[in-house]
Protein chains: 2
Amino acid sequence: MSELPAEPLSRRDRARADTVSEIKRTARKVLVERGVDGLALRAVAREMGMTAPGLYRYFDSREDLVEHVVADLYDELSDVLEAVRDAAEPATPGVQLMTVARAFRQWATTHHPEFGLLFGSAAEGIIPAEDLHGPGEHLPQVASRRFGGVFAELVARIYLEQGFPVPDEDELEPALRTQLTEWCAKLPVALPLGVMHVFLSCWIRLYGLVCMEVFGHLRFALDDAGPMFEAELRALGALLGVAGEYRPPAA
Amino acid sequence: MSELPAEPLSRRDRARADTVSEIKRTARKVLVERGVDGLALRAVAREMGMTAPGLYRYFDSREDLVEHVVADLYDELSDVLEAVRDAAEPATPGVQLMTVARAFRQWATTHHPEFGLLFGSAAEGIIPAEDLHGPGEHLPQVASRRFGGVFAELVARIYLEQGFPVPDEDELEPALRTQLTEWCAKLPVALPLGVMHVFLSCWIRLYGLVCMEVFGHLRFALDDAGPMFEAELRALGALLGVAGEYRPPAA
DNA sequence: TAGCAGAGTGAGCGCCGTTCGCTAACAGTG
DNA sequence: CACTGTTAGCGAACGGCGCTCACTCTGCTA
């Protein structure tokens, strides 16, 4: 939004900005060291030689601080995903999608507390229900849209560049068609509803699998979900007509 | 385990059992009224005219109480699922599976706080990591096995009674084959590894979808995940060779 | 009737989020 | 320079939390 125009930052404003970013940095440190539940205002303040009430000069509440940390984490995650996407070789959308998906799982498993904050059930309260419709300008919400967009864009590119089998609009149940139409209207580019459906289904499998793995809901069956993830990735590739581009993971 | 043999309950023991169940009942009431975070020992005690320390006569800690509530909820959910399974008409495993899946989603969406306790990221701590292997006799763990078993049994019955397409063992990546073999060894009946794979993949789609819906991770696209759930159910039916048994939801 | 086990209490510890009133240090103006 | 208004940060305090401890009371049993 109004990023660049506000150039002349006063001495005070610069100090303030520094403090804000130090608080968020410290909050993340506390998050990593002590988990989501240990992320307390007092702990953050203590860690940086302040007292808790002082933080209220910078954030309205613990909730507010957490929201800002969440938004930053979404941005960081998006940066990572975009970076691996742009570095993928060969630079076809199919290979890029699989690379990005792997990087997502990688980030999730190596950033357990952060992932819990972004995707756990504790995040329920963070994206308020009132913002269901409308612009939804809450910080974490816009940041999470960028994250989801990385995947959505790649699937869209695969479809536009080479296509993949998609249900006809009139094969979709009317109720689902309505839902998908409403969603589609919110997006910058219009795609066939069948594409939206396929994307959602893939998304559920990828994202659902990673969430289940990280939150321990797969331990009843697997103690390492990696191979299952690869199998799903392969299946998704087949669905999107890019099975031939599947390569075993680099690591 | 030792349920029936301990018949002669003294007057005191009966009183104690009553108190235990009253505490759990009250805890659930507090859970529903005030959410997962509001489920505090003091709140439970207050609600039933006691003080918090008194609860320590019955439960070792808040954690312990929560575990017992979780186990009870798993049992209740399993009861519901088994009931609708046994009432499904016609009583084919395909119809039963879809009915049970719908009932699961129904329970999830109408019991938001309870679902959060069972399946949210807060449940991470509840099933301890040490119990990864071995018997895993922690209360919530055995209760959750019964829950998962309802689905697993139905998929197994579909396979055994009429079969469905399944990858050959040597089509599976070696790493995945190892994982599935280990899991299979823990189960009462041995099934082809391909069946385990298909079941897991279905499970991820069903369970992942419901979790994402309830925890708000699908709101970016859908404000009612019902139609998408039905579409997935249909797709799963096709995968398991029971597409013909799909019927639109009763409601 | 004496004694004992168990239920339940109140006080208290250290933690939490949050509010309030205060003291400084700072920035800008005459 | 002095004066004024703004801001950062602090200590105290409120109510709530999980949990421990020492204590009382009650009901059972020997």
Side-chain angles (χ1 to χ4, degrees), chain A residues 6 8-27 29-31 33-70 113 117 122-126 128, chain B residues 6 8-27 29-31 33-70 113 117 122-126 128:
Chain A
L9 281 177
S10 73
R11 174 175 193 74
R12 247 196 164 110
D13 287 340
R14 264 180 288 128
R16 189 181 167 82
D18 282 353
T19 308
V20 165
S21 73
E22 184 186 348
I23 294 173
K24 291 196 290 188
R25 199 169 49 243
T26 311
K29 190 179 167 203
V30 172
L31 168 66
E33 285 171 358
R34 302 168 119 81
V36 178
D37 290 335
L39 179 46
L41 280 189
R42 285 181 134 108
V44 173
R46 210 183 300 126
E47 183 82 21
M48 54 189 286
M50 272 184 71
T51 57
L55 299 182
Y56 281 80
R57 295 274 174 208
Y58 303 93
F59 297 94
D60 289 341
S61 62
R62 184 197 117 107
E63 187 65 16
D64 185 36
L65 170 58
V66 169
E67 281 185 20
H68 280 81
V69 172
V70 165
L117 199 59
E124 278 183 82
I126 288 180
Chain B
L9 282 177
S10 73
R11 173 177 193 74
R12 248 199 161 100
D13 287 339
R14 264 180 287 128
R16 189 180 168 82
D18 282 353
T19 308
V20 165
S21 72
E22 183 185 350
I23 293 173
K24 292 196 289 187
R25 199 169 49 243
T26 311
K29 190 178 167 202
V30 173
L31 167 67
E33 286 172 357
R34 301 169 121 78
V36 177
D37 290 334
L39 179 46
L41 281 188
R42 286 177 133 107
V44 173
R46 210 182 301 126
E47 184 82 21
M48 54 189 286
M50 272 184 70
T51 57
L55 299 182
Y56 283 81
R57 295 275 173 204
Y58 303 93
F59 297 94
D60 290 342
S61 61
R62 186 197 116 107
E63 188 67 16
D64 185 36
L65 170 57
V66 169
E67 281 184 21
H68 279 81
V69 172
V70 165
L117 199 60
E124 278 184 82
I126 289 181

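On a predicted model such as this, the values are computed, not experimentally measured, just so you know. By convention in this document, chain letters (A, B, ...) are assigned in the order of the sequence lines, proteins followed by strands, and residues within each chain are numbered from 1.
- I23(A) CD1 to D18(A) CG: the interatomic distance, rounded to the nearest 0.5 Å, is 11.0 Å.
- Put simply, CZ on R14(B) is 16 Å from C1' on dG6(C), counting in whole angstrom units.
- The line from CD of E22(A) to OG1 of T26(A) is 5.0 Å long, rounded to the nearest 0.5 Å.
- Contact footprint of chain A on DNA chain D: nucleotides with an atom under 4.0 Å from a non-hydrogen protein atom, first to last in 5' to 3' order, dT6(D) to dA13(D).
- Rounded to a whole Å, the CZ atom of R16(B) is 15 Å from the P atom of dA5(C).
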Which letter, B, S or -, goes with each nucleotide of nucleotides 17-24 of chain C from 5' to 3', with contact meaning a protein heavy atom under 4.0 Å?
BBBB----

Check nucleotides 26-28 of chain C for protein N or O atoms closer than 3.5 Å to its own N or O atoms and list the pairs.
{"from": "dA27(C)", "atom 1": "O4'", "to": "R12(A)", "atom 2": "NH1", "distance (Å)": "3.3"}

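- Residue contacts shown for F59(B) are absent, as no nucleic acid heavy atom lies under 4.0 Å away.
- Each end of the helix from dT1(C)-dA30(D) to dG30(C)-dC1(D) gets its own rotation axis from five pairs of C1' atoms, and the angle between them is 20° to the nearest 10 degrees.
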In residues 35-61 of chain B, what donor-acceptor pairs under 3.5 Å come from side-chain atoms, sequence neighbours left out?
{"from": "E47(B)", "atom 1": "OE2", "to": "K29(B)", "atom 2": "NZ", "distance (Å)": "2.7"}
{"from": "S61(B)", "atom 1": "OG", "to": "E63(B)", "atom 2": "N", "distance (Å)": "3.4"}
{"from": "S61(B)", "atom 1": "OG", "to": "D64(B)", "atom 2": "N", "distance (Å)": "3.1"}

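- When rounded to the nearest whole Å, the span between CZ of R34(A) and P of dG14(C) equals 16 Å.
- If you take CG of D13(B) and P of dG6(C), they are 10 Å apart, rounded to a whole angstrom.
- Rounded to the nearest 0.5 angstrom, H68(B) NE2 and L65(B) CG are separated by 8.5 Å.
- In terms of phosphate contacts, Y58(B) brings no side-chain nitrogen or oxygen within less than 4.0 Å of OP1 or OP2 of dG6(C).
- Heavy-atom nearest nucleotides on DNA chain C were determined for R46(A) and for L55(B), and the one closer to the 5' end corresponds to L55(B).
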